[in-house]
> 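First, the structure itself, so that you have it in front of you.
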Amino acid sequence: MAGEFGNPEVVEEEVDILLIGGGMACCGAAFEIMRWAEGTDLKIKLVDKAAMDRSGAVAQGLSAINTYIGTEQDPADYARMVSNDLMGITRDDLAYDLGRHVDESVHLFEEWGLPIWKTDENGERHDGSKGMTPLKDGGKPVRSGKWQIMINGESYKWIVAEAAKKALGVDNIAERVFIVELVNDKNDPHRIAGAVGFSVREHKVHIYKFKACLLAAGGCVNLFRPRSVGEGQGRAWYPVWNAGSTYAMAAQAGAELTMMENRFVPTRFKDGYGPVGAWFLLFKAKATNAFGEVYMDRNKEMLDDYPPYGHAAVPASCLRNHLMLKEMREGRGPIYMDTVTALATLRETLSPREVKHLEAEAWEDFLDMCVGQCGIWVGENIEPEKKNSELMPTEPYLLGSHSGCCGIWVSGPEDVGAPTASDEEYDGVPEHLPRGWNWGYRSMTTVKGLFTAGDGVGASGHKFSSGSHAEGRLCAKSMVKYCLDNKDLKPELDRSVDELVEDVYRPVKTYLEFKDYSTAIDINPNYITPKMLQFRLQKIMDEYVAGVATYYTTNAKMLEVASEKLDMLKEDARKMRAKDLHELLRAWENYHRILTAEAHMKHIQFREESRYPGFYYRMDKNFVDEENWKCFVNSVYDQKTQNWTCFKRKHVDLVDKSKLFK
């Protein structure tokens, strides 16, 4: 029977492995998994709430691959950089492991048709259309920074998705299905057994049973009030469909989260959120205050307050923001990217052909990945060689694969000397959680059978697109091994099908029950629209949890108020309505955002210091306390009581960090 609104058809399916998400991580897993599953009878399925060709953070394209190790550096150098940029607290085992695998993904992208810029024997740069020697055969990429290589990337995601679809087979892919809850095993609360979601196109609820799953549904956007509101609503730096589903669903399933206090506040071209990386790294542009002073030079003594991270060759991202915010607070704004000087300087050293190529790249950088910024340049009569553009720090975002490191605590590799169960200190770590940094299969969370990659993996940022793909591939191998080792496992859902369907469709039932109570559909004392609920969440986070409204500042008292308000918001969220499938999607995204926001707030509250000045300041603890807080802050959520437990885990360096500061 076909479903109808409020009375959906229920589709039940049993697989061995479910991949949740359609971004780079799941594309990596989908491509890799069949190699390991060959000859087994494992049934594998991928579900994505969108369409894989344009899913995830690379949807619009990219102009650079930000993580490529190459021959000049090694994985230990990479682990060092990741650590310093995130103020010293990262998992070296995860970063090092990623560093030794990531290049292979980049070589695959090139093989599949991604055009990568190269330099010729005279050192001249050519874009990817010239068909020069591939990277894997010794071709020299155009480096825009130590780790970044330039690409022609407007079709980057299409190329990667095509390979994933071909490998997995389109019959094993369900698009436009939004997974909203994971379901634990009836016989073991610390094991995963299934997932439930709904079609965003048809009246169907999908219930999956499985042995293992890869949860890689991106980071979290729009939990803070964005700088662009009103008609600019939804203009954000990270993709707006990233709703914290990875963090919220993992937390509800009982997985241990890590570093959820960490956030990323990128400095971007104002209003369009256009990328700045190519300008800083490739064009060597500098950022100035309104009087043309380079604030990184003007305020450099401020870096002395944060040893050793301020003293590295490249200071941590948050500290660069910290120096800029001083200019803004003291009235020396607006801040500008000095595009005019940068392009003029390049003209002095490059051939006319190269200059023409670079000026085209100034536009293509945006056309590849942020077309709205081109609209702003055109609308404001900005030609970058003649007029400078404003920069602005954005609202905060939560993510684990770009320049942030919040996410889920996962099992790492066994061969790099990471702490084992015997040598870690456990003061306050809940009894049921594993000890050490590797307790089983690579990339498995603390919930058996639940794996994550990309934005989902905490304490290991700077993976970007190529790293997320490589991490998905690592998961593919682990999940196949897990399933083969647990051949006889019979997953049983801890809730009935009826309960699950009722839960998923509650906002629809609320709407149908109360819609005739008032004559104006949006004004009703019995329900709240998802849009209005989101405004409330963003206002709370913005004003109390260090958003743009307070110049990223908060304190213990403000966090207490936030906690109280979020409790009420969680209560009211149960009264959200959904008048159609699109609103049902928005309602569930909001549930996920609220839980993610709460995790973020609880962690900031627990960590009694300001570890990331420039990203947030706890003004009552406005210092970095290396002695007491150079540790991981981790947490678990109790779905039944709705309480969070935060605790410390010891931080250990596995690679020598002193090299950064010579």
> What residues, two or more places apart in sequence or in another chain, satisfy ring-ring contact (aromatic ring centres under 6.0 Å, His included) together with Phe632?
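Only Trp409, Trp437, His651 meet the ring-ring contact (aromatic ring centres under 6.0 Å, His included) criterion with Phe632.
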> When you compare the side chain of Tyr68 with that of His107, does any pair of heavy atoms fall below 4.5 Å?
yes
> Within the 4.5 Å heavy-atom criterion, are Val410 and Thr446 side-chain neighbours or not?
no
> Restricting to non-hydrogen atoms, name the atom on Glu261 and the atom on Arg607 that form the minimum distance, rounded to 0.1 Å.
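Nearest heavy atoms, Glu261 then Arg607: OE2-NE, 2.7 Å.
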> Between Phe109 and His469, is the gap from one ring center to the other below 6.0 Å?
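Distance test on ring centres: under 6.0 Å, yes.
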> Quick one, His462 with Phe464, criterion ring-ring contact (aromatic ring centres under 6.0 Å, His included). Give me CA distance, side-chain angles, the key distance, then yes/no.
CA-CA 6 Å; His462 286 267; Phe464 300 101; 5.3 Å; yes
> Please report the shortest heavy-atom distance between Pro189 and Asn184, naming the atom on each side.
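Here Pro189 and Asn184 meet closest at O-ND2, 2.9 Å.
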> Would you check if the distance from the ring center of His402 to the ring center of Trp237 is below 6.0 Å?
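Yes - the distance between ring centres of His402 and Trp237 falls below the 6.0 Å cut-off.
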> Taking Arg649 first and then Glu256, would you say they form a salt bridge - that is, a charged N and a carboxylate O separated by under 4.0 Å?
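Here Arg649 pairs with Glu256 in a salt bridge, since their nearest N and O are under 4.0 Å apart.
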> Hey, is NZ on Lys630 packed in by over 12 heavy atoms from elsewhere, all under 6.0 Å?
yes
> In sequence, state the C-alpha distance, the side-chain angles, and the governing distance for Asp16 and Lys211, and then conclude on salt bridge (Lys or Arg N to Asp or Glu O under 4.0 Å).
CA-CA 5 Å; Asp16 291 290; Lys211 291 191 176 93; 3.2 Å; yes
> If you take all heavy atoms of Ala167 and Met34, which pair is closest and at what distance?
O-CG, 3.2 Å
> Output the distance between atom CH2 (Trp112) and atom OH (Tyr156), rounded to the nearest 0.5 Å.
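It is 9.5 Å, given to the nearest 0.5 Å.
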> Distance check, rounded to the nearest 0.5 Å: Arg176 atom CZ versus Asp48 atom CG?
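Separation between the atoms: 8.0 Å.
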> Verify the ring-centre separation between Tyr482 and Tyr441: is it less than 6.0 angstrom?
yes
> side-chain contact (heavy atoms from CB on, under 4.5 Å) with Trp147: which of Asn66, Ile65, Asp77, Thr67?
Asp77
> Taking all non-hydrogen atoms of both residues into account, name the closest pair between Thr246 and Ala216 and its distance.
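That closest heavy-atom pairing would be OG1-C, 4.1 Å.
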> Using ring centroids (six-membered ring only for Trp), state whether Tyr96 and Tyr78 fall under 6.0 Å.
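Between Tyr78 and Tyr96, the centre distance exceeds or equals 6.0 Å.
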> If you look at every heavy atom in Cys405 and Gly461, which pair is closest and at what distance?
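Shortest heavy-atom separation between Cys405 and Gly461 comes out as CB-N, 4.0 Å.
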